[in-house]
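Order of appearance sets the numbers: ligands from 1, and atoms from 1 within every ligand. Fair warning: this is a prediction, and the values are worked out from it, not measured in the lab.
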Amino acid sequence: MPDPSRRHPRNAPGPWFVDLTCVSCDTCTDISPEIFGRDEARKAYVRAHVPAEFDLFRFALESCPVEAVGDEGG
Ligand code: SF4
């Protein structure tokens, strides 16, 4: 379960986030490079909230193998 208290420090402010349990599998960043960025260790974070890509965000959230992608908005 994504843990908002362990958010990646680079997450953009807002409800969408990636926590520090990310295992750098690249799934979310492949699904939406506009929403998800990668740090130097290839850990993902939310680079930008893109409302038009909400469905892609939810797909990435459901596809993350370690449930590191969270949505505090719902
Ligand atoms: S899908 Fe999950 S484990 Fe894979 S890069 Fe994204 S946050 Fe990390």
Side-chain angles (χ1 to χ4, degrees):
M1 184 164 190
D3 183 352
S5 73
R6 298 189 63 206
R7 286 169 168 251
H8 189 296
R10 285 200 201 165
N11 283 297
W16 301 354
F17 68 96
V18 180
D19 75 22
L20 292 170
T21 63
C22 168
V23 293
S24 311
C25 77
D26 296 342
T27 298
C28 63
T29 47
D30 285 349
I31 290 171
S32 177
E34 287 74 28
I35 297 172
F36 297 98
R38 291 187 188 109
D39 69 11
E40 295 75 9
R42 289 188 33 242
K43 284 187 177 287
Y45 59 93
V46 171
R47 152 205 320 278
H49 289 63
V50 185
E53 295 200 356
F54 177 74
D55 289 349
L56 282 179
F57 172 76
R58 293 302 302 191
F59 180 51
L61 182 153
E62 288 161 12
S63 302
C64 176
V66 293
E67 298 186 6
V69 181
D71 182 1
E72 291 192 289

Between F36 and F57, what is the ring plane arrangement, given parallel below 30°, perpendicular above 60°, and tilted in between?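 Aromatic pair F36/F57 classed parallel.
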Give me the atom names and distance for the closest heavy-atom approach of P9 to L20.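 Closest pair (atom of P9, atom of L20, distance): CD-CD2, 4.1 Å.
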Closest non-hydrogen atom pair, A60 against I31: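 What the structure gives for the nearest pair is CA-CD1, 3.7 Å.
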With no hydrogens and no angle check, is any side-chain donor or acceptor of D19 less than 3.5 Å from a backbone partner on D3?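 Side chain of D19 to backbone of D3, a donor-acceptor pair under 3.5 Å: yes, one is there.
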If we only count heavy atoms from C-beta on, is the V18 to K43 side-chain gap below 4.5 Å?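 No - every pair of side-chain heavy atoms lies 4.5 Å or more apart.
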Contact check, side chains of P2 and T21, non-hydrogen atoms, under 4.5 Å: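 P2 vs T21: side chains apart.
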Return the set of protein N, O or S atoms whose distance to atom 6 (Fe) of ligand 1 is under 2.8 Å, each given as residue and atom.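 Less than 2.8 Å away from atom 6 (Fe) of ligand 1 sit C28 SG.
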How far is atom 3 (S) of ligand 1 from its nearest protein heavy atom, and which residue and atom name does that atom have?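 Going atom by atom, the protein heavy atom closest to atom 3 (S) of ligand 1 ends up being V23 N, 3.4 Å.
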